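Before any comments, here is the structure.
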Amino acid sequence: MRVALNKCQNHSKMARNTTKILIGTAFGLMAMGCSNNDNRDLAAEAAKSYYDSLMSGGYAYYVDGFLTADSIPSAYREQLIVNAKQYVHEAKEAHHGINDIRIVGSKVDSLTKTTNVFLMLCFGDSVNEEVVVPMIESNGVWLMK
């Protein structure tokens, strides 16, 4: 009888310890998930701000939002600004402009330390286009890759 009681007590202790470990693991995973969500949100907000700026005529801000913007020749930077203007002009001509830009989601790639942000471009003619904007954090600022 005493042996059966000891086995029952040991099983009960083991079940409590397992439960504590599972609960601790769950909280740890939730904490890690929350910290990644903050980074994804910051990256998504930055990507959206670059595209909002592009659509409202802030072509230089959009071009400067790229990781390599500070290391390119000024003539090339000017060409990129002209290309951005042309893109917006073509979007206005073909689709009556872009009425809204929405954050659809984001996905962190822990190996490359980047975040892929998914934006929905809502054109004036009711066409929607989802674009992927690869983002990378550099010196505390999220930039387009």
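This one's a predicted model, so the numbers in the text were calculated from it and none came from an experiment.
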List in chain and number order the residues that pass side chain to side chain donor-acceptor pair (under 3.5 Å) with D125, two or more places apart in sequence or in another chain; answer none if no residue qualifies.
H95
Test of understanding: with ring-ring contact (aromatic ring centres under 6.0 Å, His included), list the residues that count as partners of F118, not counting sequence neighbours.
none
How would you list, by chain and number, every residue that makes a side-chain contact (heavy atoms from CB on, under 4.5 Å) with S110, sequence neighbours excluded?
none
Rounded to the nearest 0.5 Å, what separation is found between the OG atom of S56 and the CD1 atom of I101?
8.5 Å
Can you tell me which residue pairs pass the salt bridge (Lys or Arg N to Asp or Glu O under 4.0 Å) test with a partner in residues 46-56, sequence neighbours excluded?
K48-D52
pair V88-M55: side-chain heavy atoms closer than 4.5 Å:
yes
ILVMFWY cluster, V132 and Y50 together (side-chain gap under 4.5 Å):
no
Close side-chain approach of L42 to T115, heavy-atom, < 4.5 Å:
no
Residues in side chain to side chain donor-acceptor pair (under 3.5 Å) contact with N83, at least two apart in sequence or another chain:
none
Heavy-atom check, side chain of V117 versus side chain of W142, under 4.5 Å:
no
Closest heavy-atom contact between I136 and L67?
CG2-CD2, 3.8 Å
K92: side chain to side chain donor-acceptor pair (under 3.5 Å) partners, not counting sequence neighbours
none
A side-chain contact here means heavy atoms from C-beta on lying under 4.5 Å apart; do V104 and E130 qualify?
yes
Are V131 and L54 grouped together when hydrophobic residues (ILVMFWY) are joined by side-chain heavy atoms under 4.5 angstrom apart?
yes
Can you list everything that forms a side-chain contact (heavy atoms from CB on, under 4.5 Å) with V82? Sequence neighbours excluded, please.
Q86
Is any side-chain heavy atom of F123 less than 4.5 Å from a side-chain heavy atom of H96?
no
Distance from I72 atom CD1 to F66 atom CZ, nearest 0.5 Å?
9.5 Å
Pairs where residues 63-90 contributes a residue and the test salt bridge (Lys or Arg N to Asp or Glu O under 4.0 Å) is met, not counting sequence neighbours
D64-R77
Listed partners of T112 passing side chain to side chain donor-acceptor pair (under 3.5 Å), at least two apart
D109, T114
Roughly how far apart are K113 NZ and S138 OG, rounded to 0.5 Å?
14.5 Å
Quick one: side-chain contact (heavy atoms from CB on, under 4.5 Å) partners of S49, sequence neighbours excluded?
Y61
Residue list, side-chain contact (heavy atoms from CB on, under 4.5 Å) with N128, at least two apart or on another chain
M120, C122
Hey, does V141 have a side-chain heavy atom less than 4.5 Å from the side chain of L143?
yes
Can you list everything that forms a ring-ring contact (aromatic ring centres under 6.0 Å, His included) with Y51? Sequence neighbours excluded, please.
Y62
Measuring only between side-chain heavy atoms, which start at C-beta, is T68 closer than 4.5 Å to K145?
no
Whether over 12 other heavy atoms sit under 6.0 Å from Y76 OH
no
